[in-house]
Amino acid sequence: MSTTPSPVAPEDVRRVACIGAGVIGGGWVAHFLARGYDVTAWDPADDAEEKLRRLVDAAWPALEQIGLADGASKDRLTVAPTLAEAVADADFVQESAPEKLDLKRSLLAELTAATRPGVVVASSTSGYPMTDMHSEAADNGRLVVGHPFNPPYLIPLVEVVGGDKTDRAAVEWASRFYDIAGKSVITMDRELPGFIANRLQEALWREALHMVANGEATVKDIDDSITEGPGLRWAFMGPMLTFALAGGEGGMAHMLDHFGPSLKSPWTRLEAPELDRALRDAVVEGCDEAADGRTYADLVAERDQGVIDVLRATGRLGKDAT
Ligand SMILES: NC(=O)C1=CN([C@@H]2O[C@H](COP(=O)(O)OP(=O)(O)OC[C@H]3O[C@@H](n4cnc5c(N)ncnc54)[C@H](O)[C@@H]3O)[C@@H](O)[C@H]2O)C=CC1
Ligand SMILES: C[N+](C)(C)CC(=O)CC(=O)[O-]
């Protein structure tokens with residue numbers, strides 16, 4: 001473990017390195033460019049640069065719509081030929097490589113060695129605790145999880161948490177940096193599988209898969225049940241406060257006294273269903289039907305506009321909102 005402080009204060013960060021430039025790494029690139037940073041990306045895939053530039057081009061109209069920071073430009077993106085060159089001058093590194101534990105462990109060790117001492121390195125992992133990804137490399141107290149939501153250039157939340165070897169100062173540095181970079185930060189003081197939001201999302205997801213597997217609901221029924229129902233409330237009021245209103249003037253106390261006993265009803269089947277070929281195909285087929293001829297690019301544009309409309313309608317544009 002290291003006690004090396006970052007060589008750069010969060011407010012003085014100029015250059016961000018994004019390692020792995022797929023859906024999430026590319027989304028981070030778009031976000032940091034829009035917030036006015038110099039961004040250096042690296043990804044080992046042959047077609048990575050072309051795909052990355054395509055993703056940034058597709059995201060840019062949405063980012064212009066919500067407002068670019070002074071000096072923000074797509075021209076401030078450099079795609080480096082090697083990982084070492086990508087991170088050599090970075091003030092902060094966001095790792096978004098595939099979700100494979102061995103790969104994350106060796107990549108994070110490599111990043112620790114290739115960055116300047118003390119530079120904070122955050123992993124986008126959607127579920128691995130940093131304690132499992134930490135290597136034995138020296139100076140690894142600056143490795144943190146910075147879990148984003150898709151697309152990182154529009155969804156504000158980042159969950160920040162360290163592992164058992166992470167310096168508290170690195171967690172605080174990352175939280176402050178993300179805040180300055182326009183994110184909405186939850187800083188966790190302990191590791192949970194799936195952090196907070198994915199733990200919740202995965203519970204919903206498992207139930208949805210059970211219903212498809214058993215022919216109890218279609219993919220469309222499941223999506224409509226959220227977008228026409230609780231999803232409308234969740235955009236601005238979380239599940240706890242929403243349910244407190246279900247208790248009327250008696251609030252959560254009445255809600256719990258009234259509905260609490262039904263917690264024991266067999267509403268959920270939280271053990272995950274077998275993700276066999278039939279279930280996989282049923283879900284894929286249902287999503288194709290739901291897309292109804294819209295391409296991936298159409299859906300991305302539709303989603304981005306929807307998120308912007310919700311952020312605007314709920315008064316969250318204007319603050320450095322994403
Ligand atoms: N897709 C999602 O909705 C979300 C994903 N995440 C996390 O973000 C990370 C990346 O996931 P996605 O972007 O979805 O995956 P992806 O498959 O879209 O992108 C992964 C990228 O990493 C590159 N790559 C492969 N080996 C690499 C290496 N050794 N070093 C650096 N890059 C390498 C690939 O060429 C690819 O471009 C994962 O840890 C995932 O859990 C987090 C939040 C949401
Ligand atoms: C599908 N996923 C588990 C990788 C999703 C996330 O981690 C967060 C999100 O964008 O919902």
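Only a predicted model underlies this, so the values are computations on that prediction, with no experimental measurement involved. Every number for a ligand or one of its atoms is a count from 1 in the order of the listing.
- Shown in contact with Trp42 at under 4.0 Å from a heavy atom are these atoms of ligand 1, numbered in order with element: 30 (N), 31 (C).
- For the pair Glu99 and ligand 1, the shortest N or O to N or O distance falls below 3.5 Å.
- Rounding to the nearest 0.5 Å gives a distance of 10.5 Å between CG of Asn150 and OG of Ser124.
- Considering each of Asn198, Ile24, Leu107, the one bringing a non-hydrogen atom nearest atom 4 (C) of ligand 1 is Ile24.
- Atoms of ligand 2 found under 4.0 Å from any heavy atom of His147, numbered from 1 in the order shown, are 6 (C), 7 (O), 8 (C).
- Annotation: the span from Glu172 atom CD to Ser6 atom OG amounts to 13.0 Å, rounded to 0.5 Å.
- Note that CG of Leu143 and NZ of Lys104 are 12.0 Å apart. Values are rounded to the nearest 0.5 Å.
- Nearest protein neighbour of atom 10 (O) of ligand 2, counting heavy atoms only, is Asn150 N, 2.9 Å.
- Asp91 contributes a side-chain N or O that, together with a main-chain N or O of Arg15, makes up a donor-acceptor pair within less than 3.5 Å.
- Between Leu103 and ligand 1, not a single N/O pair is under 3.5 Å apart.
- Of all the heavy atoms of Phe149, none lies under 4.0 Å from any atom of ligand 1, so neither backbone nor side chain is involved.
- In this structure, the side chain of Glu99 does not engage the main chain of Thr125 through any donor-acceptor pair within 3.5 Å.
- The protein non-hydrogen atom at the shortest distance from atom 24 (N) of ligand 1 is Pro98 CD, 3.4 Å.
- Proximity of Tyr128 to ligand 1 is not established, as no heavy-atom distance is less than 4.0 Å.
- By the 4.5 Å heavy-atom criterion applied to side chains, Ser73 and Leu33 are not counted as neighbours.
- Counting protein heavy atoms under 4.0 angstrom from atom 6 (N) of ligand 1 gives one or more.
- For Phe195 and Tyr128, the gap between ring centers reaches or exceeds 6.0 Å.
- A donor-acceptor contact shorter than 3.5 Å links the side chain of Arg294 to the backbone of Ala291.
- Contacts with ligand 1 closer than 4.0 Å are made by no heavy atom of Ser123, backbone or side chain.
- There is no protein heavy atom closer than 4.0 angstrom to atom 2 (N) of ligand 2.
- Atom CE of Met252 sits about 11.0 Å away from atom CG of Asp257, to the nearest 0.5 Å.
- Shown here, atom 15 (O) of ligand 1 is out of close reach of the protein: none of its heavy atoms lies under 4.0 Å off.
- You'll find the side chain of Pro61 stays beyond 4.5 Å of the side chain of Leu63, heavy atoms only.
- Near Gln201, meaning under 4.0 Å from any of its heavy atoms, are these atoms of ligand 2: 8 (C), 9 (C), 11 (O).
- Close placement of the Phe177 and Tyr37 rings is indicated, their centers lying within 6.0 Å of each other.
- Taking every heavy atom of Asn150 and a limit of under 4.0 angstrom, the matching atoms of ligand 1 come to 3 (O).
- Of the protein's heavy atoms, Phe149 CD2, 3.4 Å lies nearest to atom 9 (C) of ligand 2.
- Under a 4.0 Å criterion applied to the non-hydrogen atoms of Ser126, ligand 2 contributes the atoms 4 (C), 7 (O).
- Geometrically, ligand 1 and Glu95 share no nitrogen or oxygen pair separated by less than 3.5 Å.
- Less than 4.0 angstrom separates some heavy atom of Ala45 from each of these atoms of ligand 1: 35 (O).
- Here Lys51 has no heavy atoms under 4.0 Å from ligand 1, in either its backbone or its side chain.
- Between atom 11 (O) of ligand 1 and the options Gly20, Gly22, Gly25, Ala97, the minimum heavy-atom separation is to Ala97.
- For ligand 1, one of its N or O atoms has an N or O atom of Lys104 under 3.5 Å away.
- Here the protein heavy atom with the shortest distance to atom 33 (C) of ligand 1 is Pro44 CD, 3.4 Å.
- Members clustered with Trp267: none, using a 4.5 Å side-chain heavy-atom cutoff among hydrophobic residues.
- Lys183 places a side-chain N or O within 3.5 Å of a backbone atom of Pro152 that can act as its donor or acceptor partner.
- Side-chain contact between Arg116 and Val119: present, with at least one pair of heavy atoms (C-beta onward) separated by less than 4.5 Å.
- The nearest protein atom to atom 41 (O) of ligand 1, hydrogens excluded, is given as Ser126 OG, 2.5 Å; this is a heavy-atom distance.
- Heavy atoms of Ile155 found under 4.0 angstrom from ligand 2: none, in either backbone or side chain.
- At a 3.5 angstrom cut-off on N or O pairs, Asp43 counts as close to ligand 1.
- Close approach of ligand 1 to His147 is summarised as follows: ligand atoms under 4.0 Å from at least one heavy atom of the residue are 42 (C), 43 (C).
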Stepwise ring pair (Phe, Tyr, Trp, His ring centres under 6.0 Å) check, Trp28 with Phe149: CA-CA 10 Å; Trp28 273 120; Phe149 290 78; over 10 Å; no

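- Taking any N or O of Val23, backbone or side chain, at least one lies under 3.5 Å from an N or O belonging to ligand 1.
- Nearest non-hydrogen protein atom to atom 42 (C) of ligand 1 is Ser124 O, 3.2 Å.
- Under the 3.5 Å distance criterion, the side-chain polar atoms of His31 are matched with a main-chain donor or acceptor of Ala181.
- In this model, no donor atom of one side chain and acceptor atom of the other lie less than 3.5 Å apart for Ser184 and Arg316.
- Atom numbering of ligand 2 starts at 1 in the shown order; those under 4.0 Å from a heavy atom of Asn198 are 3 (C), 6 (C), 7 (O), 8 (C).
- No donor-acceptor pair under 3.5 Å is formed between the side chain of Gln94 and the backbone N or O of Ser96.
- Taking any N or O of Pro148, backbone or side chain, none lies under 3.5 Å from an N or O belonging to ligand 1.
- For Glu202, the closest heavy-atom approach to ligand 2 falls below 4.0 Å.
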